[in-house]
Enquirer: 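This is the structure, below, for whatever I ask next.
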Amino acid sequence: MSTPQELLKLAVTVATEAAELIVERRRGTITVADTKSTATDIVTAVDRESEELIRARVLAARPDDSFLGEEGDDINGTSGVRWVVDPIDGTVNYLYDLPTYAVSIAVEQDGRTVAGVVVDAPKGEVFTATLGGGAFLDGKPIQVSDCTSLDRALVGTGFGYDPDRRVVQAEVVQQLIAKVRDIRRIGVGAIDLCYVGCGRLDAVYERGLNPWDYGAGALVAAEAGARIGGLHGAEVSPQMSIAATPAVFDALHDALAAADPLRA
């Protein structure tokens, strides 16, 4: 059985290659190839090209593994290892040439995330973590901020593609914004989580993130000292993901629960 460090080594190599690909492709013209859940939930040809590259590299090295990507068909392997991949997290940023988007790869072993990498492609920053092995930015250890009060917390969030859900999410922000230092909307769920890990954000929450959005970033944040979870004791899921410095988590959780973000 491969160690988390061995799995991470392959993940970093593949994610870095995919990041270089999408940056190179962005020098040309990017157009929308398709839409998914709504007309604003877009896919570019480069999303698909990046995922195909990652799938090919991973399965060439580990043909018995499973593979879950955002854009392609699932592959069910026999090894107990599954690769959970977002080939471009932040596709709308990518389309508009806003310079924050990422390649995210999480590696699960027997259902538990044991390794993860998030490459901020335009910046070239590489966030990594292994279960129990700590979190790193470009090879240097990282940790969450020392923020201890919600009213001093810089909080990240995101919005869904469904207009009705977005309206409710805006209502939640309206209730939360007077209780925190400020709110940021970067547009890349994996980067939000990594920014909690390295102290660039004190907390982040979002409803609607999928496993490929939070898999690697949540491990980075947790290994950097963040508390991770959903609402009312649930684990991180598409229903809700919260990551925060330990002293801020409960207050943020309670504010979100009071705002009733699960109405949409």
Side-chain angles (χ1 to χ4, degrees), residues 89-90 100 102 104 106 112-113 116-118 120 123 125-159 168-209 213-262:
D89 191 13
T100 306
S104 175
R112 192 175 189 186
T113 303
V117 56
V118 177
D120 185 327
K123 297 182 183 68
E125 292 185 332
V126 181
F127 295 88
T128 58
T130 55
L131 185 63
F136 301 83
L137 168 55
D138 293 337
K140 297 179 180 179
I142 56 174
Q143 62 182 21
V144 297
S145 76
D146 59 2
C147 182
T148 60
S149 176
L150 184 61
D151 65 358
R152 295 294 181 267
L154 185 62
V155 180
T157 193
F159 300 102
V168 174
Q169 290 174 319
E171 293 171 358
V172 172
V173 169
Q174 186 177 27
Q175 295 183 54
L176 185 64
I177 197 164
K179 301 175 182 178
V180 302
R181 182 187 297 274
D182 206 347
I183 290 178
R184 293 290 183 267
R185 197 274 199 257
I186 295 169
V188 189
I191 292 293
D192 283 343
L193 289 161
C194 290
Y195 278 9
V196 172
C198 69
R200 293 175 185 170
L201 292 172
D202 302 306
V204 65
Y205 75 92
E206 188 167 349
R207 174 162 162 76
L209 292 182
D213 298 310
Y214 62 72
L219 182 65
V220 170
E223 287 293 324
R227 278 186 63 186
I228 307 289
L231 289 176
H232 309 298
E235 295 183 355
V236 168
S237 74
Q239 293 297 315
M240 177 59 72
S241 62
I242 306 170
T245 62
V248 168
F249 185 95
D250 286 336
L252 177 59
H253 170 278
D254 293 349
L256 292 171
D260 193 16
L262 297 185

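Just so you know, these numbers use all the heavy atoms, side chains as well, and skip hydrogens, waters and symmetry mates. Note that this is a predicted model, so its numbers are computed, not measured.
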Enquirer: Might you point out which heavy atoms bring Phe249 and Ile228 nearest each other, and give the distance in Å?
Expert: CE1-C, 4.0 Å
Enquirer: Assess the residue pair Val155 and Ile177 against the criterion (side-chain contact (heavy atoms from CB on, under 4.5 Å)); give the C-alpha distance rounded to whole Å, side-chain angles, the decisive distance to 0.1 Å, and a yes or no.
Expert: CA-CA 9 Å; Val155 180; Ile177 197 164; over 6 Å; no
Enquirer: Rounded to the nearest 0.5 Å, what separates atom CZ in Arg181 from atom CG in Leu150?
Expert: 11.0 Å
Enquirer: Looking at Asp138, I'd like to know if its CG atom is crowded, meaning that more than 12 non-hydrogen atoms belonging to other residues, nucleotides or ligands lie closer than 6.0 Å.
Expert: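 Check passes, neighbour count above 12.
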Enquirer: Does a side-chain heavy-atom distance below 4.5 Å link Asp120 with Tyr195?
Expert: yes
Enquirer: Would Asp202 and Arg152 count as a salt bridge (charged side-chain N to carboxylate O under 4.0 Å, His left out) if you check the C-alpha gap in whole Å, the side-chain angles of each, and the deciding distance to 0.1 Å?
Expert: CA-CA 9 Å; Asp202 302 306; Arg152 295 294 181 267; over 6 Å; no
Enquirer: Are the side chains of Thr148 and Thr245 in touch, meaning some heavy atoms are under 4.5 Å apart?
Expert: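 No, side chains not in contact.
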Enquirer: Checking the side chain of Glu223 only, and the main-chain atoms of Gly132 only, is there a donor and an acceptor separated by less than 3.5 Å?
Expert: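 Checked: pair present.
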Enquirer: Start with the C-alpha gap between Leu231 and Ile242, add the side-chain angles, then the distance that decides, and say whether side-chain contact (heavy atoms from CB on, under 4.5 Å) holds.
Expert: CA-CA 8 Å; Leu231 289 176; Ile242 306 170; 4.1 Å; yes
Enquirer: What's the shortest heavy-atom distance between Ala170 and Phe159, and which atoms?
Expert: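 Ala170 and Phe159 have their closest heavy atoms at N-CE2, 4.1 Å.
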Enquirer: Is the closest side-chain heavy-atom distance between Thr113 and Leu131 below 4.5 Å?
Expert: no
Enquirer: From the options Asp192, Leu154, Leu209, Thr157, select the one residue that forms a side chain to side chain contact (heavy atoms under 4.5 Å, CB included) with Val204.
Expert: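 It is Asp192; the other options fail the test.
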Enquirer: Please answer whether the main-chain N or O of Val118 pairs with a side-chain N or O of Ser104 as donor and acceptor at a distance below 3.5 Å.
Expert: no
Enquirer: Mind listing the closest non-hydrogen atom pair of Ala224 and Gly197 along with its distance?
Expert: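 The answer is CB-O, 3.2 Å.
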Enquirer: How far apart are the closest heavy atoms of Ala247 and Cys147, and which atoms are they?
Expert: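 So the minimum-distance heavy-atom pair works out to CB-O, 4.1 Å.
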Enquirer: Could you check whether any side-chain heavy atom of Leu193 comes within less than 4.5 Å of a side-chain heavy atom of Leu219, counting everything from C-beta outward?
Expert: no
Enquirer: With a cut-off of 6.0 Å (strictly less than), are more than 12 heavy atoms of other residues, nucleotides or ligands near CD of Glu125?
Expert: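 Atom CD in Glu125 is crowded, with more than 12 foreign heavy atoms closer than 6.0 Å.
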Enquirer: Do Arg227 and Val144 come close enough that some side-chain heavy atom pair is under 4.5 Å?
Expert: no
Enquirer: Evaluate the side-chain proximity of Val220 to Val196: yes if any heavy-atom separation is below 4.5 Å, no if none is.
Expert: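 Sidechains of Val220 and Val196: no contact.
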Enquirer: As a quick check of understanding, evaluate side-chain contact (heavy atoms from CB on, under 4.5 Å) for Leu137 and Arg200, giving each step before the final call.
Expert: CA-CA 12 Å; Leu137 168 55; Arg200 293 175 185 170; 3.8 Å; yes
Enquirer: When you measure from the side chain of Asp151 to the backbone of Lys179, do you find a donor-acceptor pair of N or O atoms at a distance under 3.5 Å?
Expert: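 Absent.
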Enquirer: Rounded to the nearest 0.5 Å, what separates atom CG in Leu256 from atom CG in Leu252?
Expert: 4.5 Å
Enquirer: Quick one: pull up CD in Glu235 and OG in Ser241 and give me the separation to the nearest 0.5 Å.
Expert: 13.0 Å
Enquirer: With no hydrogens and no angle check, is any side-chain donor or acceptor of Thr128 less than 3.5 Å from a backbone partner on Val117?
Expert: no
Enquirer: Do the non-hydrogen side-chain atoms of Asp89 and Ile191 ever get within less than 4.5 Å of each other?
Expert: no
Enquirer: Could you tell me the separation between the CE atom of Met240 and the NE2 atom of His232, rounded to the nearest 0.5 Å?
Expert: 9.5 Å
Enquirer: Could you tell me whether the side chain of Pro238 reaches within less than 4.5 Å of the side chain of Tyr214, counting heavy atoms only?
Expert: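 SC-SC contact between Tyr214 and Pro238 confirmed.
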